[in-house]
Amino acid sequence: MTGRVLHLRGTIVLDDEREVGEAWVVGDRLTFSRPSTPVDATLEGWVLPGLVDVHCHIGLAADGAVDRATAHAQAVADRDSGVLLVRDAGSPADTAWVHGADELPRLLRAGHHLARPKRYLRHYGRELDDVADLPAAVAQEAARGDGWVKLVADWIDRDLGPDGDLRPLWPADVLAEAVAAAHAAGARVTAHTFATESLDALLDAGVDCLEHACGATPDQVARIAAAGIPVTATLLQVAQFESIAAQGERRFPRFAARMRALHAHRYALVRDLHDAGVPVLVGTDAGGTIAHGRIADEAAELVRAGLPARDVVAAASWRTRAWLGVPGLGEGASADLVVYDADPRLDVGVLGSPRAVVLRGVRVR
């Protein structure tokens, strides 16, 4: 091993069960064996595997795709917050170039959001005129991305006028065929869902993850738990539902009432999911209307909802890395880590003030 040597000392958290007192970064790799070469610098504190934002949109802003310079700045904001692994949750921009930018977080892309005309945010998704085209589109996005595909399962149907409300976009049989197409291509599927009416078909189809899922009933929570499907709660996003309801109340009173109900129930639902044994993931929904770099705020919201800080921190780091198949802190692994002055598992607010961020062995903050 050659290269700059960084000594890590304090509490190095490997996972739920294992901690060590020291480790070293040699070049871009982590080791638990003391190197023979001199140490160039020492970092002391609580060391965690790099954080994970599992619902993030690099390359997306309120009006759609952004240029490369803006996307780069978004990724830097995430990185400086301690997020060193991003699972993209859909972007109209081609961000494959991020893979070659060593100064940016690792990125797992889901390709375009798959939606229908006038049934999602303008300029965000790939809109399919015919629902029957969904399985083929899923296969195409699976080939384009990094092992994930993103479906928009429900959105407001404005064509219903005053009765406009959240409605599913896809027939159940087409949805099942689409998820099977993704799995055949070696990809996993996650789905945007606000509506109660969409969840059973998604679960029947074998979807791999749910985004928001804020309309889940107690029976659906039990189904999600039994299937072992994680849910990304996106509480920062759901916090905006009251203002969304106010904007649409005059034209779409049923939709506004629904969004207000989902907003009021958001914390109780997250507690119910956690208590049922559902893995609750940490995702900011950055991009669009939410700024990048807010992983600590999302974690704090989950704790405010009643989740234990230890579980939230684990979900923001090593547990989700394992679920995504990306190593954390292990012998010979890439040195992607965050150092804190105190233990965030005892006070989740600590996540907002990293002492140091190390990516691929380089201290970037």
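Atoms considered below: every heavy atom in the structure, side chains included; atoms not considered: hydrogens, waters and symmetry mates.
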Side chain to side chain, [X] and [Y], heavy atoms closer than 4.5 Å:
{"X": "D336", "Y": "L85", "answer": "no"}
{"X": "D204", "Y": "R223", "answer": "yes"}
{"X": "D133", "Y": "V131", "answer": "no"}
{"X": "P354", "Y": "V339", "answer": "no"}
{"X": "R188", "Y": "V149", "answer": "no"}
{"X": "R167", "Y": "D154", "answer": "no"}
{"X": "L104", "Y": "L107", "answer": "no"}

For the hydrophobic clusters of this structure (ILVMFWY residues joined by side-chain heavy atoms under 4.5 Å, transitively), does one cluster hold both [X] and [Y]?
{"X": "V152", "Y": "M259", "answer": "yes"}
{"X": "L84", "Y": "W97", "answer": "yes"}
{"X": "V362", "Y": "V76", "answer": "yes"}
{"X": "W318", "Y": "L337", "answer": "no"}

Looking just at side-chain N and O atoms, do [X] and [Y] make a donor-acceptor pair shorter than 3.5 Å?
{"X": "Q220", "Y": "T196", "value": "no"}
{"X": "D63", "Y": "H123", "value": "no"}
{"X": "H72", "Y": "E103", "value": "yes"}
{"X": "D88", "Y": "H57", "value": "no"}
{"X": "R106", "Y": "S334", "value": "yes"}
{"X": "S81", "Y": "D78", "value": "no"}
{"X": "D146", "Y": "H99", "value": "yes"}

Checklist entry - Does R109 count as lying over the ring of W148, i.e. NZ or CZ under 6.0 Å from the six-ring centre, within 45 degrees of the axis? => result no

What is the minimum heavy-atom distance between [X] and [Y], and which atoms define it?
{"X": "S198", "Y": "T193", "answer": "CB-OG1, 3.8 Å"}
{"X": "D208", "Y": "W323", "answer": "O-CZ2, 4.0 Å"}
{"X": "T95", "Y": "G59", "answer": "CG2-CA, 4.2 Å"}
{"X": "A315", "Y": "V280", "answer": "CB-O, 3.5 Å"}
{"X": "Y267", "Y": "A305", "answer": "CD2-CB, 3.5 Å"}
{"X": "V66", "Y": "A93", "answer": "O-CB, 4.4 Å"}

query: Are R360 and D28 close enough, and set up right, to give a salt bridge (Lys or Arg N to Asp or Glu O under 4.0 Å), and what steps lead you there?
result: CA-CA 5 Å; R360 298 179 176 94; D28 64 350; over 6 Å; no

For E127, is there an ion pair with R116 - N to carboxylate O distance below 4.0 angstrom? no

Cluster membership besides I290, Ile/Leu/Val/Met/Phe/Trp/Tyr side chains within less than 4.5 angstrom, sorted by chain and number, is L236

For residues 238-248, the side chain to side chain donor-acceptor pair (under 3.5 Å) pairs (sequence neighbours left out) are Q237-Q240, Q240-T289, E242-R260

The single option from H55, E211, H212 that satisfies side chain to side chain donor-acceptor pair (under 3.5 Å) with T234 is H212

- Please state whether the rings of W155 and H192 are parallel, tilted or perpendicular, taking 30° and 60° as the class boundaries. tilted

With sequence neighbours left out, the residues meeting side chain to side chain contact (heavy atoms under 4.5 Å, CB included) with D347 are V350

